[in-house]
Novice: 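Once you've had a glance at the structure underneath, I'll fire off some questions.
Predicted model only: the values in this text are computed from it and were never measured.
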Amino acid sequence: MLLYSEYALNLEAFKAEFRDCSDFLIREININEQRALVMAMDGLIDSLQLNQLIMAPLLRIPLEFSSPVEHFEAIKSSVVGAIEMSEAESFEDAEFFLMSGFAVLILDGCNKALAMGIQGWARRSVDEPTNEAMVKGAKECFVETLNDNKALLRKRLKTPHLKLKQLKLGEAAKTPVVIAYIDNRAEPEFVSAIEKRLKQAKLNTVFDYGCLEAFIGSDIKSFFSSVGNTERPDVLASKLLEGRIGVMVEGTPFVMFTPNLFSDNFSSLDDYNNPPFYSTFIRLLKYLAFAISAFLPAFYVAIGSHHQEMIPATLLYIVATSEETTPFPLVVEAVIIHILYEIMREAGLRLPKPIGHAVSIIGAIVIGEAMVTAGIISEPMLVVVALTAITSYVVYPLYESVALIRIIFILLSGFSGIYGLMLGIGVLFVNACAVNPFGIPFTAPLSPVSKSSLGDTIIRQSWKKLSERRVRIYDLEGASFDEE
């Protein structure tokens with residue numbers, strides 16, 4: 001609904017809209033005998049800026065004006081001292097500015113409002129990343145404030161080609177969302193498609209970045225996500241330089257980027273600070289850790305249940321002796337212990353830290369040792385589970401996918417042995433190859449193979465060679481824009 005020209009109607013409408021809102025501040029003033037409203041939300045503004053940049057200049061205007069519109073323009077151009085100013089022509093826009101830390105001024109006889117940015121809410125300081133810790137990398141991460149996140153990114157990419165396009169999403173309550181991209185690296189059709197999808201998201205409000213992930217990701221049903229997330233400004237900057245698109249949401253310290261490739265999960269910024277030979281070694285270890293965490297329990301169940309001839313005689317004796325005392329088949333034993341592990345992990349994550357550590361200790365020492373002693377699970381199975389748990393954290397971005405894939409493969413191996421495991425791996429690879437976000441193969445540059453990009457995938461070339469590459473995400477083999 002548009003703002004009224006009549007002062008009384010605007011005053012009545014805002015008072016009715018913010019009835020029982022104790023944080024709503026409203027003051028009626030006279031500016032050269034012309035009535036005006038100044039409104040703000042307590043706790044979202046800086047009171048000192050409100051007094052010095054807005055109220056004091058307004059109450060000391062010495063000039064007279066012939067019309068309210070002329071008065072409005074003069075206030076906007078030469079009276080108030082706020083550098084961030086916008087105009088609002090509807091109640092919805094004015095209310096959005098109020099909720100965003102702006103002071104809103106409405107003059108009698110003028111059907112538009114002047115919003116002035118004086119944000120001053122409590123915010124978390126830029127701290128060290130908790131989920132993407134780096135040994136030699138920067139020690140700063142995104143925070144919950146959108147303006148701070150934009151500044152952190154702008155500090156990394158000092159170029160006018162960095163575009164930060166802001167949208168308002170949500171039908172019941174608007175949430176600021178920013179699309180970040182570099183206009184001479186990202187495809188314009190790609191940016192337009194992301195913006196279109198975000199605007200089509202029919203949500204009451206956007207509480208966190210996960211609300212939007214499904215709208216900008218691939219429509220192919222898969223265990224792997226084509227949308228990545230990061231809490232590090234330097235990681236996001238490197239993705240944008242490759243032609244990808246970032247999406248920032250007010251209120252969350254994580255920023256999404258798309259398209260996310262399978263190989264992205266196995267690289268980190270530390271790779272580029274270490275010698276190439278060591279970075280290549282670490283990446284190979286990560287691929288090996290992924291294979292162990294996803295397939296080792298299923299492989300153990302398969303050979304222990306259906307293919308005992310594959311086990312060396314000495315090891316077979318140890319496994320057979322241990323399994324003889326357990327009441328469950330290998331497949332049931334494996335599923336039970338993995339589900340118990342996920343339960344203990346979830347309990348350790350959600351409980352307060354002191355209690356969480358206690359739960360982890362109880363789960364690892366008391367429950368694990370007691371179950372082996374009681375003969376509920378075998379010692380080899382406990383070793384397999386422990387090795388799987390450790391390796392699953394090496395490639396942490398894929399943890400959620402691997403946790404479910406592991407149990408499915410255990411069931412397949414329990415029923416069909418190695419044949420079921422191989423069939424499951426084949427289906428998984430086909431499914432991963434089918435994920436094609438906006439025409440970019442999820443498995444690129446491994447499938448299809450892109451020779452120009454292999455130097456920074458499994459191996460890591462020296463900076464002398466990397467500095468000669470100008471690879472964008474759309475330069476990969478098989479890439480072709482497809483809005484799906």
Side-chain angles (χ1 to χ4, degrees), residues 1-19 21 23-32 34-47 49-51 53-59 61 65 67-121 145-147 150 164-179 195 198-199 204-206 249-251:
M1 187 172 63
L2 297 178
L3 293 169
Y4 302 110
S5 298
E6 294 81 0
Y7 173 86
L9 294 178
N10 286 325
L11 176 62
E12 182 181 353
F14 277 105
K15 284 186 174 181
E17 191 71 23
F18 288 95
R19 183 183 295 113
C21 295
D23 57 341
F24 177 60
L25 306 177
I26 183 170
R27 181 177 174 184
E28 302 179 55
I29 60 176
N30 287 318
I31 306 176
N32 290 341
Q34 184 176 11
R35 292 182 298 178
L37 288 177
V38 177
M39 299 172 289
M41 302 301 295
D42 190 19
L44 298 182
I45 61 166
D46 186 327
S47 299
Q49 291 188 47
L50 176 63
N51 293 329
L53 302 181
I54 298 175
M55 296 305 298
L58 286 177
L59 296 175
I61 297 178
F65 304 95
S67 69
V69 175
E70 181 184 351
H71 197 172
F72 181 90
E73 294 298 330
I75 291 174
K76 179 180 177 182
S77 61
S78 59
V79 176
V80 294
I83 191 171
E84 185 179 6
M85 289 191 289
S86 300
E87 293 184 7
E89 297 183 352
S90 66
F91 283 97
E92 183 182 29
D93 291 340
E95 291 164 2
F96 176 80
F97 283 119
L98 284 173
M99 307 298 177
S100 302
F102 284 66
V104 175
L105 169 69
I106 299 180
L107 289 177
D108 187 14
C110 191
N111 61 349
K112 57 183 178 180
L114 180 62
M116 297 155 285
I118 50 171
Q119 296 89 341
W121 56 73
T145 308
L146 189 59
N147 286 342
K150 291 191 290 185
L164 301 170
K165 190 172 186 178
Q166 188 157 320
L167 309 175
K168 294 185 292 184
L169 302 182
E171 296 181 347
K174 299 293 183 182
T175 301
V177 175
V178 167
I179 301 175
E195 182 179 355
L198 290 175
K199 289 182 177 179
N204 287 328
T205 189
V206 182
V249 179
E250 174 74 39

Novice: For a quick test of reading the model, state the closest non-hydrogen atom pair linking P68 to C110 and the distance between them.
Specialist: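 Closest pair (atom of P68, atom of C110, distance): CB-N, 4.2 Å.
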Novice: Stepwise, does the side chain to side chain contact (heavy atoms under 4.5 Å, CB included) test hold for I31 with L107?
Specialist: CA-CA 9 Å; I31 306 176; L107 289 177; 4.0 Å; yes
Novice: Quick one: does S90's side chain have a donor or acceptor within less than 3.5 Å of a partner on L2's backbone?
Specialist: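 No, the answer is negative, given that no donor and acceptor are paired below the 3.5 Å cut-off.
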Novice: Atom CG in L198, atom CG in L167: separation rounded to 0.5 Å?
Specialist: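 Output value for this atom pair is 6.5 Å.
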Novice: Give the intermediate values and the outcome of side chain to side chain contact (heavy atoms under 4.5 Å, CB included) for residues Q34 and N30.
Specialist: CA-CA 5 Å; Q34 184 176 11; N30 287 318; over 6 Å; no
Novice: I need the K168 NZ to E92 CD distance, nearest 0.5 Å.
Specialist: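 Rounded to the nearest 0.5 Å, the NZ-CD separation comes out at 6.0 Å.
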Novice: How close do G101 and I45 get, heavy atom to heavy atom, and via which atoms?
Specialist: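 Looks like O-CG2, 3.8 Å.
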Novice: Got a sec, which residues hit side-chain contact (heavy atoms from CB on, under 4.5 Å) with E28, two or more places apart in sequence or on another chain?
Specialist: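 Applying side-chain contact (heavy atoms from CB on, under 4.5 Å) to E28 gives Y7, L11, K15, L37.
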Novice: Do I106 and M39 have side chains that get closer than 4.5 Å, going by heavy atoms?
Specialist: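 A side-chain contact under 4.5 Å exists here.
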Novice: More than 12 foreign heavy atoms under 6.0 Å from CG of L59: is that the case here?
Specialist: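 Yes.
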Novice: Go through the structure and list residues passing side-chain contact (heavy atoms from CB on, under 4.5 Å) with D42, not counting sequence neighbours.
Specialist: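 Scan of D42 (side-chain contact (heavy atoms from CB on, under 4.5 Å), adjacent residues dropped) gives D23, L25.
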Novice: Can you name the ring pair (Phe, Tyr, Trp, His ring centres under 6.0 Å) partners of F72, sequence neighbours left out?
Specialist: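 Checked F72 against ring pair (Phe, Tyr, Trp, His ring centres under 6.0 Å); zero matches.
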Novice: What heavy-atom pair brings A103 and I54 nearest, and what distance separates the two atoms?
Specialist: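 Taking A103 first and I54 second, the nearest heavy atoms are CB-CD1, 3.8 Å.
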Novice: Show the nearest heavy-atom pair for residues L105 and V38, with the distance to one decimal.
Specialist: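 Closest pair (atom of L105, atom of V38, distance): CD1-CG2, 3.8 Å.
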Novice: If you round to the nearest 0.5 Å, how far is CG of L98 from CZ of F18?
Specialist: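 It is 5.0 Å, given to the nearest 0.5 Å.
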Novice: Without swapping roles, check the side chain of K199 against the backbone of E195 for a donor-acceptor pair under 3.5 Å.
Specialist: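 Between the backbone of E195 and the side chain of K199 there is no qualifying donor-acceptor contact (under 3.5 Å).
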Novice: Would N147 and E250 count as a side chain to side chain contact (heavy atoms under 4.5 Å, CB included) if you check the C-alpha gap in whole Å, the side-chain angles of each, and the deciding distance to 0.1 Å?
Specialist: CA-CA 9 Å; N147 286 342; E250 174 74 39; over 6 Å; no
Novice: Are K165 and V178 packed together at the side-chain level, in the sense that at least one heavy-atom pair is separated by less than 4.5 angstrom?
Specialist: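 Result no, sub-4.5 Å side-chain heavy-atom pair not found.
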Novice: Nearest 0.5 angstrom please: E6 CD to L9 CG, how far?
Specialist: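 Here the rounded value is 5.0 Å.
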Novice: Is it the case that more than 12 heavy atoms not belonging to Q166 sit under 6.0 Å from its CD atom?
Specialist: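 Enclosed: over 12 neighbouring heavy atoms sit under 6.0 Å from CD of Q166.
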Novice: Just jot down the side-chain contact (heavy atoms from CB on, under 4.5 Å) partners of K76, sequence neighbours excluded, or say none.
Specialist: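 K76 satisfies side-chain contact (heavy atoms from CB on, under 4.5 Å) with E73, M85, E87, L114 once adjacent residues are dropped.
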Novice: Assign the ring pair F14 / F91 to parallel, tilted or perpendicular, where the plane angle (0 to 90°) is split at 30° and 60°.
Specialist: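 Tilted, since the angle between the ring planes falls between 30° and 60°.
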Novice: Hey, mind stepping through L58 and V79 against side chain to side chain contact (heavy atoms under 4.5 Å, CB included) and telling me if it holds?
Specialist: CA-CA 7 Å; L58 286 177; V79 176; 4.2 Å; yes
Novice: Measure the spacing between OG of S86 and CE of M116 and express it to the nearest 0.5 Å.
Specialist: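 It is 10.5 Å, given to the nearest 0.5 Å.
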Novice: For the CG atom of L169 and the CG atom of N204, what is their distance to the nearest 0.5 Å?
Specialist: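 Reported value, rounded in 0.5 Å steps: 12.5 Å.
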Novice: Who pairs with F97 by ring pair (Phe, Tyr, Trp, His ring centres under 6.0 Å), at least two apart in sequence or on another chain?
Specialist: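 Here the qualifying residues are F102.
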Novice: To check you understand the geometry: which heavy-atom pair defines the closest contact between W121 and S100, and what is its length?
Specialist: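 Residues W121 and S100, closest heavy atoms: CZ3-O, 3.2 Å.
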Novice: Under the side chain to side chain donor-acceptor pair (under 3.5 Å) rule, collect the residues that match up with Q49, sequence neighbours excluded.
Specialist: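 With neighbours one apart ignored, the set is D46.
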Novice: Looking at every heavy atom in both A88 and L3, which two are closest together, and how far apart are they?
Specialist: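 Looking at all heavy atoms of both residues, the closest pair is O-CD1, 3.5 Å.
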